Amino acid sequence: MQFEIIIKNSKLTDELLEILQKEWPEAYGWLTDVIDDWSISDFPQIVVATQNKEIIGYYSLVAKELVKDNHNYTPWLGTLFIREKYRGNHYSSILIDDVCQRVKNMGYSNLFLATEHIGYYEKFGFEEIGLGMYLWDAPTRFYRKSLT
């Protein structure tokens, strides 16, 4: 599997947007907002996973999550997406391993996550550290994965 940070106006960006528009419209809207405000910085990073030149999925790495109180934690695994036809093949663990290594190489010792999926991310070493609210008033849980 290959990983590539996508940039504005790249072929993979257009392909990913097309996939998300069909398979995960909520993420499509967020990603188009990110692309419209794209700048050269550490965050956000949108990393696409491909195999045989086909997009398997992607993850985003962000400095701040869209929560009311994120306790100044950084960085966050913002989104994780595996295309429906590739689910059930343990690709999530491959993408999570990649994001953890990327964050560790950036000098961070923890990766944070906000999610309503109870029991899923714990399989990958994330530990719940608290409760919170998204900016749109939906409840969420905060998780941390130690990278040391």
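Keep in mind it's a predicted model, so treat the numbers as computed, not measured.
Heavy-atom minimum distance, Thr148 versus Ser109: CG2-CB, 3.7 Å. Leu16 and Ile55 make their closest contact through N-CD1, 3.7 Å (heavy atoms, listed as atom of the first residue, atom of the second, distance). Pairing each heavy atom of Cys100 with each of Leu111, the nearest pair is SG-CD2, 4.1 Å. In this structure, Gly57 and Leu95 approach most closely via the heavy-atom pair C-CD2, 4.2 Å. When all heavy atoms are compared, the tightest approach of Asn72 to Lys64 is CA-NZ, 3.5 Å. Nearest heavy atom pair, residue Glu65 against residue Ala114, reads CG-CB, 3.8 Å.
A donor-acceptor pair under 3.5 Å is formed between the side chain of Lys145 and the backbone N or O of Phe124.
Atom CG of Asn52 has 12 or fewer neighbouring heavy atoms from other residues, nucleotides or ligands inside a 6.0 Å radius. Within a 6.0 Å radius of NZ in Lys11, other residues, nucleotides and ligands contribute 12 heavy atoms or fewer. Annotation: Glu84, atom CD; neighbour count of heavy atoms from other residues, nucleotides and ligands within 6.0 Å does not exceed 12.
Between Tyr121 and Thr115, some side-chain heavy-atom pair lies under the 4.5 Å cut-off. By the 4.5 Å heavy-atom criterion applied to side chains, Tyr73 and Asn110 are not counted as neighbours. Side-chain contact between Ser92 and Leu80 is present, with at least one heavy-atom pair separated by less than 4.5 Å. A heavy-atom distance below 4.5 Å is found between the side chains of Lys85 and Glu54. Gln45 is not listed as a side-chain neighbour of Tyr59, based on a closest heavy-atom distance of 4.5 Å or more.
A donor atom on one side chain and an acceptor atom on the other are found under 3.5 Å apart for Gln101 and Asn105.
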Legend entry - Derivation and outcome, side chain to side chain contact (heavy atoms under 4.5 Å, CB included), residues Leu135 and Lys68: CA-CA 5 Å; Leu135 295 179; Lys68 290 186 177 182; 4.1 Å; yes

Inset, instruction - Apply side chain to side chain contact (heavy atoms under 4.5 Å, CB included) to the pair Tyr58 and Leu20, showing each step before the final yes or no. - result: CA-CA 10 Å; Tyr58 89 100; Leu20 290 178; 3.9 Å; yes

Inset, instruction - Could you give me the CA-CA distance, side-chain angles and deciding distance for Thr79 and Ser60, then say whether side chain to side chain donor-acceptor pair (under 3.5 Å) is met? - result: CA-CA 5 Å; Thr79 52; Ser60 65; 2.8 Å; yes

Legend entry - Verdict with reasoning, Phe3 to Thr50, per side chain to side chain contact (heavy atoms under 4.5 Å, CB included): CA-CA 6 Å; Phe3 293 93; Thr50 61; over 6 Å; no

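Aromatic ring centres of Phe126 and Tyr143 lie farther apart than the 6.0 Å criterion allows. In this structure, Phe142 has its ring center closer than 6.0 angstrom to the ring center of Trp76.
Looking at Glu128 and Arg141, a side-chain N of the basic residue comes within less than 4.0 Å of a carboxylate O on the acidic one, giving a salt bridge. Salt bridge annotation for Glu15-Lys53: absent, with no cationic side-chain nitrogen under 4.0 angstrom from a carboxylate oxygen.
Note that the CD1 atom of Ile46 and the CG atom of Leu12 stand 12.5 Å from one another [nearest 0.5 Å]. Atoms CZ and CG, from Arg102 and Leu77 in turn, are 12.0 Å apart once rounded to the nearest 0.5 Å. Rounded to the nearest 0.5 Å, atoms OG1 (Thr140) and CG (Leu113) are 7.5 Å apart. Atom NE2 of residue His117 and atom CD of residue Glu122 lie 11.5 Å apart, to the nearest 0.5 angstrom.
Hydrophobic clustering (side-chain heavy atoms under 4.5 Å, transitive across Ile, Leu, Val, Met, Phe, Trp, Tyr) keeps Leu131 apart from Val67.
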